[in-house]
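These values consider heavy atoms only, across backbone and side chains, with no hydrogens, waters or symmetry-generated copies.
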Amino acid sequence: MSATPATPPPALRPYLTARHDLLWQEADAFATEHVAPRATRMEAAPGKVERKVAGLMAARGWFAVTVPAVFGGLGAGHVAKTVLVHRIARVSAAAAAILQATLIPVGALLHFATYEQKGRWLPRVADGSLLLSIAVTEPLAGGHIGGIETTAERVGNEWVITGSKIHIGNSHLAGVHLVVARTAKTGVSTSQALTAFMVEADRPGLSVPDHRPGLGLHGFSAGPLDLDHVRVPEDNVVGEVGQGLAVAQSSSILYGRPNLAAVSLGIHEAVVDTTTSRLKTRPRYRGALSDLPVLRDRIGDMEARLRAGRILAYQAVHLLDQGLPCDTDLINSKYLGHQWAMHSAQDAMELHGAHALDRDYVLQRLWRDIQHTHPPAGTGEVQRIRLAEAAFDEDHIQWSEHLAAEAAWARPDPTAA
């Protein structure tokens, strides 16, 4: 894969400050020095959870990139978060997935936890001693939040949680899981039936089965959690009792969607770089494959999709940092970001011919990894339903607007370079 300049492309200038530029260069240098050498090893040992890269990112405070300085975080906002995930995903989508998966429950704490709870959990995330997961998806319900069957029953001043979760990002790395469970009897509206809990990984009754690798993202842990009468204290409830749907939905839209758009963007850039490098250096007909008009036409389409996906990803989080209503933009960036990257990955496989089928060739990893940005935070079908609601002016709530005070705390200084 050819080297990409350390400076952001001019099209992103409206969304980036001098601080973002520095973070861009820092992330590129980190990915080159620490992630790239491990990417091959992560592929060669898909059954092993990558812990070293997680520790190195934690030491830089990147898991607290959106956490205010008062809690030890970088206080850098959502554009900065996108820069980190995007640039690392260019080199390893699995490493980027480790980063983005903890950032989602961090967002839930920022929006719904009490000041005391933030002071309890967030400084540990900031100093690198604690990673988090968010546990919503279940074996039977999938991503349908209303179908959650995990229950939490109040017993004295504790809650007892029983159930199973699946496809939980950082399941084997997280020291605390943000678990959404049903706390109301059958018949109560879903909007009031669920509650979010912080559940420490060492609580009796909580078990994490051995890691099983997926199709792609080798080194990233996304497994099940089993909760068998796990007891947590009253002060581990995040938000109000019955507010779990709001915690899950807002975290998915404000953090999950843009995070996955950034992962898709990183993969997309790597796909285009890998393909153009191959075509330029592959001799054919007294020239190179890159000279053939039929191939240049395909590359032109790939480049168009990449540039559009880049703008979508950064524009959406820029609006979020400004405290403007942008739920639909965040949804669209995730939906089209995946769609376009997937299309380009398939084109790349075809343009490489049989070489794409070589097990150790990087393109095969990129093709497998991009499959993993479709299901989380809502499949394409879910995103299109939300986009249709926007087209018909049926948006029920704009989380970016409803939580504007929290979402915009890190608005860039308009006087910054």
Side-chain angles (χ1 to χ4, degrees), residues 1-8 19-67 72-74 76 79-103 106 124-133 169-175 211 213 216-222 259-260 262-271 273-274 277 360-366 368-370 372-373:
M1 182 169 57
S2 61
T4 297
T7 56
R19 186 180 188 185
H20 295 136
D21 289 347
L22 291 174
L23 199 59
W24 185 290
Q25 295 169 23
E26 182 183 351
D28 276 358
F30 174 85
T32 299
E33 180 180 357
H34 298 292
V35 180
R38 290 179 171 83
T40 301
R41 294 199 292 270
M42 291 161 68
E43 280 300 293
K48 183 178 180 181
V49 176
E50 175 56 41
R51 300 178 185 273
K52 180 64 174 180
V53 167
L56 292 171
M57 291 190 292
R60 285 162 173 76
W62 288 351
F63 290 100
V65 61
T66 61
V67 173
L74 300 182
V79 171
K81 168 171 61 68
T82 293
V83 167
L84 289 175
V85 176
H86 161 207
R87 302 312 292 169
I88 293 171
R90 284 184 61 256
V91 177
S92 169
I98 293 171
L99 175 59
Q100 72 86 26
T102 274
L103 291 169
V106 163
R124 294 176 58 194
V125 173
D127 68 18
S129 63
L130 178 68
L131 267 66
L132 307 177
S133 85
N170 285 341
S171 55
H172 291 80
L173 294 177
H211 171 59
L217 297 186
H218 293 161
F220 174 58
S221 161
N259 289 2
L260 290 163
V263 174
S264 292
L265 176 58
I267 297 172
H268 202 164
E269 285 194 3
V271 164
D273 285 351
T274 299
S277 178
D360 296 330
Y361 188 52
V362 64
L363 186 60
Q364 192 174 113
R365 167 166 62 89
L366 298 173
R368 286 188 282 102
D369 286 351
I370 194 59
H372 287 256
T373 65

Query raised in the report: What residues form a salt bridge (charged side-chain N to carboxylate O under 4.0 Å, His left out) with Arg368, not counting sequence neighbours?
Result: Glu43
Report task. With the side chain counted from C-beta on, respond yes when Glu269 and Thr274 share a heavy-atom pair under 4.5 Å apart, and no when they do not. Result -> no
Query - Check: Leu103 and Val85 side chains under 4.5 Å, non-hydrogen atoms - result: yes
Query raised in the report: With a 4.5 Å heavy-atom cut-off, do Leu74 and Trp62 have their side chains touching?
Result: yes
Query raised in the report: With sequence neighbours left out, what residues match Ala64 under side-chain contact (heavy atoms from CB on, under 4.5 Å)?
Result: Val67, Val125, Ala126
Query raised in the report: Are the side chains of Phe63 and Ile98 in touch, meaning some heavy atoms are under 4.5 Å apart?
Result: yes
Query raised in the report: Does Phe30 reach the side chain of Arg87, with side-chain heavy atoms less than 4.5 Å apart?
Result: no
Do any side-chain atoms of residues 31-42 form donor-acceptor pairs under 3.5 angstrom with protein atoms, and if so which ones, sequence neighbours left out?
from: Thr32; atom 1: OG1; to: Asp28; atom 2: O; distance (Å): 3.0
from: Arg38; atom 1: NH1; to: His34; atom 2: O; distance (Å): 2.8
from: Arg41; atom 1: NH1; to: Pro37; atom 2: O; distance (Å): 3.3

**Report entry** Counterpart residues, side-chain contact (heavy atoms from CB on, under 4.5 Å), relative to His372 (two or more places apart)
**Finding:** Leu215, Leu217
**Report entry** Polar contact flag, side-chain donor to acceptor under 3.5 angstrom, Asn170-Thr102
**Finding:** yes
Report summary line: Sorted by chain and residue number, the side-chain hydrogen bond (donor to acceptor under 3.5 Å, both in side chains) partners of Ser264 (sequence neighbours excluded) come out as Thr373
Could you pull out all donor-acceptor pairs under 3.5 Å where a side-chain atom in residues 50-57 meets a protein atom, sequence neighbours excluded?
from: Glu50; atom 1: OE2; to: Lys52; atom 2: N; distance (Å): 3.1
from: Glu50; atom 1: OE2; to: Val53; atom 2: N; distance (Å): 2.9
from: Arg51; atom 1: NH1; to: His172; atom 2: O; distance (Å): 3.4

